[in-house]
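Basis for what follows: all heavy atoms, side chains included, without hydrogens, waters or symmetry-related copies. Lettering follows sequence order; numbering is per chain, from 1.
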Protein chains: 2
Amino acid sequence: MPSSVQRKRIRKTPEARRAEIVETAARVALTEGLECVTLRRIAEELAVRPGLISHYFPSAEDLVAEAFSVAATGELDALLPADRPHGSPTQYLARYFALSGGEAYDDISRLWINARHLSRYRPVLRDRVAEQELASDDRLSDLIREGVERGEFRTDDPRAAAIQILVVVDGLGAHANTDRSDRPEAVTRMAVTTAERELGLRYGALTEVRLPAELVAPTGQAGPTDPAESTDPADSTGPAQLAEPTEPTNSA
Amino acid sequence: MPSSVQRKRIRKTPEARRAEIVETAARVALTEGLECVTLRRIAEELAVRPGLISHYFPSAEDLVAEAFSVAATGELDALLPADRPHGSPTQYLARYFALSGGEAYDDISRLWINARHLSRYRPVLRDRVAEQELASDDRLSDLIREGVERGEFRTDDPRAAAIQILVVVDGLGAHANTDRSDRPEAVTRMAVTTAERELGLRYGALTEVRLPAELVAPTGQAGPTDPAESTDPADSTGPAQLAEPTEPTNSA
DNA sequence: GATGCTATTGAGTGTGCGACCAATAAGCAA
DNA sequence: TTGCTTATTGGTCGCACACTCAATAGCATC
């Protein structure tokens with residue numbers, strides 16, 4: 001009996017296989033970093049041979065870019081849903097900041113740092129990063145615009161307000177890989193403060209919001225518990241080698 | 001006669017060799033990225049064999065960390081000198097923001113993104129990043145504190161103000177590898193705006209400052225010093241031409 | 001049950017990386 | 001000049017990576 005290795009081939013439709021490759025790549029990207037999205041690593045996750053990944057993604061760079069896009073899109077939808085049937089703009093914005101402060105947000109911050117750095121060397125990824133930044137701007141701009149229309153927010157330029165908020169969120173998230181324990185309260189609160197200022201809200205308006213039950217549970221994500229198959233975060237040593245600027249010389 | 005390759009060994013003192021290794025590594029880190037700081041790459045720059053780099057840095061990770069530290073320290077000194085004999089705190093702060101906006105700052109932003117990401121996997125580098133962040137906080141805090149003492153700035157917590165400014169600078173710099181051409185003016189100006197708000201300065205106080213010639217030329221580099229304008233009336237004595245701090249805008 | 005399409009494998013290529021170590025020679029001191 | 005210390009070399013090893021391609025086998029169809 002083949003105890004350890006799986007001998008039997010499992011043949012899937014190209015669509016299904018491709019989907020599971022992308023899904024796995026996105027998960028690895030989010031939890032362990034884009035450098036860990038390698039042909040071997042993803043193949044191992046799916047118990048297939050690396051050549052198969054190559055078959056679906058002839059250029060590994062495309063898989064990395066796709067992994068980022070999928071992961072970032074999923075996170076954006078979880079943090080700032082496009083459809084907001086369960087509350088007011090103020091409530092959804094308050095929810096966004098509440099989630100942004102949590103530790104779960106560190107993975108997303110790390111992913112963005114990762115992608116922004118890696119896009120220095122990888123043009124395909126760079127385009128995706130720009131695309132996702134635009135999507136974030138749009139999503140938040142829409143929320144703000146709706147809030148203005150409803151009379152909850154006040155600003156002349158919803159987009160400028162949105163970008164300013166996101167710049168602060170980025171600035172705070174930049175330290176996701178470092179220690180942030182001794183930050184003054186004013187700093188921890190910067191994103192909220194910026195939003196309150198730019199949207200004409202009083203201090204505390206976004207932190208004292210009471211959220212309806214539907215907005216408390218994280219959306220899109222799997223349930224609160226995922227019993228089995230939790231990858232051990234401790235032993236993920238990251239990319240084995242520095243690796244990765246495969247040819248940084250031809251920066252073109 | 002050796003045509004292409006250098007055959008003759010050049011034997012240097014350990015101190016000199018080590019210094020030039022670190023210097024080269026810092027330059028490569030700043031211009032091409034920390035991933036390019038490899039034994040082979042640095043050895044090639046210095047026309048020596050990779051084993052020699054290993055001899056001075058038995059662990060390559062230490063060299064990468066050292067390269068970052070040296071590069072970051074050098075840039076910090078250039079942007080925010082510890083000794084400020086040529087102007088007021090307001091002038092040095094204005095100079096800092098003027099330099100932060102320039103394209104030369106992109107290299108530094110890239111380096112920081114690079115280091116913050118890589119420190120996810122490399123504990124030695126992570127410590128250095130924390131160290132350099134602290135140094136930046138301290139440097140800017142000192143500047144602000146001096147400004148408060150001189151009556152140029154007004155804030156209850158110089159350090160919190162400094163960190164908030166740096167968070168915004170980080171947030172803006174996060175996009176150093178992406179396109180930033182269509183940013184609203186309010187966003188481009190965010191760092192300055194934050195400083196003016198947190199330090200009790202009127203809008204424009206930090207952008208209308210006239211800098212003495214000594215502060216125009218980048219420090220450390222021997223640049224052609226501005227020939228004219230050496231007779232700046234408001235020299236190093238006090239607040240340049242901005243009058244007194246105005247009321248904090250609205251946050252209070 | 002046989003057939004054919006093609007998803008999947010296995011094997012191999014070449015690159016770059018860090019780490020290791022015995023042999024070598026540069027340059028100082030005797 | 002000779003000798004000695006040690007900075008420096010040259011070579012090797014093992015590893016991880018992307019990429020290529022002929023051979024194989026799963027499985028839907030007949």
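In this structure, of C:dC17, D:dC17, C:dA19, it is D:dC17 that holds the atom nearest to the side chain of A:R40. Distances from the side chain of A:S59 to the nucleotides C:dG27, D:dC19, C:dG18 place D:dC19 closest.
Counting non-hydrogen atoms of neighbouring residues, nucleotides and ligands closer than 6.0 angstrom, the CD atom of B:E103 reaches no more than 12 such neighbours.
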Exercise for review: Report the C-alpha separation of A:T194 and A:Q164 in whole Å, then their side-chain angles, then the decisive distance to 0.1 Å, and conclude whether the side chain to side chain donor-acceptor pair (under 3.5 Å) test is met.
Suggested key: CA-CA 8 Å; A:T194 302; A:Q164 288 185 66; over 6 Å; no
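Closest of all the heavy-atom pairs between B:V187 and B:L172 is O-CD2, 3.5 Å.
A salt bridge is defined here as a Lys NZ or Arg NE, NH1 or NH2 lying under 4.0 Å from an Asp or Glu carboxylate O, and A:R27 with A:E32 fails to meet this definition.
When the C1' atom of C:dA26 is taken as reference, atom NZ of B:K8 falls 6 Å away, rounded to whole Å. Taking atom CG of residue B:L39 and atom C1' of nucleotide D:dG10, one finds them 15 Å apart after rounding to whole Å. One atom, CD1 of B:I42, and another, C1' of C:dC17, lie 14 Å apart when rounded to the nearest Å. Between the P atom of D:dT9 and the CD atom of B:E44 lies a distance of 14 Å, rounded to the nearest Å. The CG-C1' distance, from B:D62 to C:dA19, rounds to 14 Å in whole Å. Between the P atom of D:dG10 and the CD1 atom of B:I53 lies a distance of 14 Å, rounded to the nearest Å. When the C1' atom of C:dT6 is taken as reference, atom CD of A:E15 falls 13 Å away, rounded to whole Å. A:R49 places its CZ atom 8 Å from the C1' atom of C:dG10, with the value rounded to the nearest Å.
Partner B:R110 forms a side-chain contact (heavy atoms from CB on, under 4.5 Å) with one of B:N114, B:D106, B:I108 and no other, that one being B:D106.
Side-chain atoms of A:S119 do not come within 3.5 Å of backbone N or O of A:R122 as any donor-acceptor pair.
Within the 4.0 Å cut-off from OP1 or OP2 of D:dC17, at least one side-chain nitrogen or oxygen of A:T38 is found.
B:P50 comes within 4.0 angstrom of nothing in the nucleic acid, heavy atoms only.
Aromatic ring centres of B:F68 and B:W112 lie closer together than 6.0 Å.
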Which atoms of nucleotides 5-7 of chain D (N or O only) lie under 3.5 Å from a protein N or O atom, and what are those distances?
from: D:dT6; atom 1: O4'; to: B:R11; atom 2: NH2; distance (Å): 3.2
from: D:dT6; atom 1: O2; to: B:R11; atom 2: NH1; distance (Å): 3.0
from: D:dT6; atom 1: O2; to: B:R11; atom 2: NH2; distance (Å): 3.0
from: D:dA7; atom 1: O4'; to: B:R11; atom 2: NH2; distance (Å): 3.4
from: D:dA7; atom 1: O3'; to: B:K12; atom 2: O; distance (Å): 3.3

